[in-house]
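Since the model is a prediction, treat every value here as computed from it, not as a measurement. Scope of the values below: all heavy atoms of this structure, side chains included, with no hydrogens, waters or symmetry mates.
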Amino acid sequence: SYAVVVGAAVALLLLDYCPLRRFESEGRGRWSWPVARGLVLEKVTFLAMSLVVGLLTICARVNARAFFGTPPTLKKFGIYDRVMQAFYTWAYYLWIELVPRDLSPVYIRLVSFNPNDLVFIVSVAVIVLGSAAAWVLRRRFAWLPVAWGWHLVMLLPMLGLTEHPHYTNDRYAHMEGYVFGVLFAGFIVYAWMRLKDRGIRWLVPCASGVLLLAAGVNCAAQELVWRDTESLMLHMITELGEDPYRADIQWRLAQRYLEEKRYDKAVEFADAALALTPRLLKARSIKGEALIDLGDRAAVEGRPDE
């Protein structure tokens with residue numbers, strides 16, 4: 001029911017292609033269009049559900065203006081910008097899952113961007129060349145177009161085609177990311193079988209163990225970063241660097257300190273947010289409350305603008 005699986009119908013067809021090979025006529029090893037037509041009709045129910053959920057999601061997005069704000073018009077965020085953003089998102093989820101570094105709940109790369117920047121041009125090249133390679137090599141490596149198609153299809157609802165700014169949240173890869181686990185498992189089985197006669201297939205579990213250990217260490221490091229609200233927000237502020245968006249995290253952290261009655265810290269981070277966004281009312285309110293609780297009412301009354 002969630003938008004992340006609206007590509008399920010196409011994904012099932014990809015699995016029919018490989019490894020199930022249901023498109024081929026029995027005993028002939030060649031595609032049969034009557035068989036293919038039947039497989040497509042099999043997926044009509046899934047496709048219908050995906051269309052309904054997709055349309056409901058778009059309708060809700062357009063009308064939920066009080067919570068999300070009005071979707072950008074084509075005049076404010078043109079088709080070219082949306083397309084380049086989509087290609088960047090497709091490329092982004094290729095490398096972030098293979099090299100999961102500098103993770104954060106918020107990524108601001110697409111808050112404000114120039115679609116002609118090198119990273120966007122490279123993203124287009126990666127997706128176009130990857131698609132071409134998957135097509136050209138489809139007979140030799142039948143799994144390649146399936147894996148590539150899965151990546152592209154399962155990310156379709158997450159490309160931000162209706163959004164600006166768009167955030168490449170890690171959770172958007174929950175379904176799409178399965179393909180990496182499947183390919184890794186397939187490679188392990190393939191290597192185990194190929195090395196059986198050479199007496200060195202013990203290298204396969206050893207190499208797998210090293211990779212799993214590395215993944216475990218990385219997970220442990222993330223657990224330390226995200227052990228509580230304070231550590232998470234401080235990590236986010238560090239990752240944002242000098243970007244003005246960090247003011248949004250700073251006032252939220254100030255609010256947290258205020259709730260914990262750590263008033264000095266609340267004032268410190270409210271001031272940090274105000275240094276970036278002087279008219280940020282939430283930060284001013286938090287600072288005023290913290291100063292009053294510190295007994296410094298005179299400081300608040302002496303600054304009516306705050």
Side-chain angles (χ1 to χ4, degrees), residues 3-4 6-7 54 57-58 60-62 64-65 67-132 148 151-177 180 225 232-253 272-273 275-280 282-283:
V4 74
V6 297
T57 301
I58 293 173
R61 173 65 187 93
V62 171
R65 300 179 181 180
F67 186 79
F68 292 107
T70 305
T73 63
L74 288 177
K75 186 176 181 180
K76 292 182 178 178
F77 190 51
I79 293 178
Y80 178 68
D81 299 71
R82 294 171 194 248
V83 170
M84 297 302 282
Q85 177 174 270
F87 275 100
Y88 170 84
T89 304
W90 267 326
Y92 171 82
Y93 285 105
L94 282 175
W95 66 264
I96 193 62
E97 295 179 61
L98 298 175
V99 188
R101 297 188 58 192
D102 302 323
L103 302 181
S104 179
V106 177
Y107 302 107
I108 58 171
R109 183 65 181 83
L110 298 175
V111 171
S112 177
F113 67 91
N114 180 353
N116 294 319
D117 282 348
L118 181 60
V119 66
F120 292 92
I121 303 300
V122 171
S123 297
V124 173
V126 167
I127 299 304
V128 170
L129 292 176
S131 300
W148 188 257
H151 170 75
L152 299 181
V153 168
M154 299 308 288
L155 282 176
L156 277 176
M158 309 304 169
L159 298 179
L161 294 173
T162 64
E163 302 301 317
H164 182 66
H166 176 56
Y167 301 97
T168 49
N169 296 314
D170 295 335
R171 66 181 183 274
Y172 294 163
H174 285 174
M175 292 296 296
E176 176 273 343
F180 293 98
V225 168
L232 176 58
M233 289 189 171
L234 289 173
H235 169 74
M236 293 170 66
I237 292 170
T238 300
E239 290 296 325
L240 289 170
E242 299 300 318
D243 194 281
Y245 188 86
R246 75 178 190 269
D248 185 73
I249 310 301
Q250 287 168 330
W251 79 258
R252 295 176 189 275
L253 182 55
L276 291 170
T277 312
R279 304 188 69 82
L280 186 58
K282 293 176 181 178

Identify the two heavy atoms, one from [X] and one from [Y], that lie closest to each other, and give their separation to 0.1 Å.
{"X": "Tyr93", "Y": "Ala173", "result": "CD2-CB, 3.8 Å"}
{"X": "Val153", "Y": "Gly7", "result": "CG1-O, 3.5 Å"}
{"X": "Pro157", "Y": "Val6", "result": "CG-CG2, 3.0 Å"}
{"X": "Trp90", "Y": "Ile127", "result": "CB-CD1, 3.6 Å"}
{"X": "Pro71", "Y": "Thr162", "result": "CB-O, 4.0 Å"}
{"X": "Leu280", "Y": "Ala247", "result": "CD2-O, 4.3 Å"}

For the residue pair [X] and [Y], establish whether any side-chain heavy-atom pair is separated by less than 4.5 Å.
{"X": "Tyr107", "Y": "Tyr92", "value": "yes"}
{"X": "Met158", "Y": "Glu176", "value": "no"}
{"X": "Leu103", "Y": "Ile96", "value": "yes"}
{"X": "Thr89", "Y": "His166", "value": "yes"}
{"X": "Leu110", "Y": "Thr168", "value": "yes"}

- Query: Is Ile79 atom CD1 crowded by more than 12 heavy atoms from other residues, nucleotides or ligands, each under 6.0 Å away?
  - Reply: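 It does not: Ile79 CD1 has 12 such atoms or fewer within range.
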
- Item | Test applied, side chain to side chain contact (heavy atoms under 4.5 Å, CB included); reference residue, Phe120; option that passes from Val122, Leu118, Val124, Asp117 |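 Per the side chain to side chain contact (heavy atoms under 4.5 Å, CB included) rule, the option paired with Phe120 is Asp117, out of Val122, Leu118, Val124, Asp117.
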
In Å, rounded to the nearest 0.5 Å, how long is the span from [atom1] of [X] to [atom2] of [Y]?
{"X": "Leu232", "Y": "Ser104", "atom1": "CG", "atom2": "OG", "answer": "7.0 Å"}
{"X": "His235", "Y": "Leu240", "atom1": "NE2", "atom2": "CG", "answer": "9.0 Å"}
{"X": "Tyr172", "Y": "Met154", "atom1": "OH", "atom2": "CE", "answer": "14.5 Å"}
{"X": "Asn114", "Y": "Met84", "atom1": "CG", "atom2": "CE", "answer": "9.0 Å"}
{"X": "Thr277", "Y": "Arg279", "atom1": "OG1", "atom2": "CZ", "answer": "11.5 Å"}
{"X": "Ile121", "Y": "Phe87", "atom1": "CD1", "atom2": "CZ", "answer": "10.5 Å"}

- Message: Taking side-chain hydrogen bond (donor to acceptor under 3.5 Å, both in side chains) as the definition, give me every residue that meets it alongside Asn116, ordered by chain and number, with sequence neighbours left out.
- Response: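 If we apply the side-chain hydrogen bond (donor to acceptor under 3.5 Å, both in side chains) test to Asn116, skipping adjacent residues, the hits are Tyr80.
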
- Message: I'd like to check the side chain to side chain contact (heavy atoms under 4.5 Å, CB included) partners of Val106; sequence neighbours left out, ordered by chain and number.
- Response: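 With sequence neighbours excluded, Val106 shows a side chain to side chain contact (heavy atoms under 4.5 Å, CB included) to Ile108, Tyr167, Met236, Tyr245, given in chain and number order.
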
- Query: In chain order, what residues pass the side chain to side chain contact (heavy atoms under 4.5 Å, CB included) check against Ile237, with sequence neighbours excluded?
  - Reply: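 Partners of Ile237 by the side chain to side chain contact (heavy atoms under 4.5 Å, CB included) criterion, ordered by chain and then number, come out as Arg246, Ile249, Gln250, Leu253, Phe269.
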
- Message: Quick one about Ser131 and Trp148 (side-chain donor to acceptor, distance below 3.5 Å, no hydrogens or angles considered), yes or no?
- Response: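 Result is yes, a qualifying pair exists.
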
- Query: Do the ring planes of His164 and Phe77 sit parallel (below 30°), tilted (30 to 60°) or perpendicular (above 60°)?
  - Reply: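 The arrangement is parallel - the two ring planes meet at less than 30°.
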
- Query: Is it true that a side-chain atom of Gln85 and a backbone atom of Gly160 form a donor plus acceptor pair closer than 3.5 Å?
  - Reply: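 Flag set: sc Gln85 to bb Gly160 pair under 3.5 Å.
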
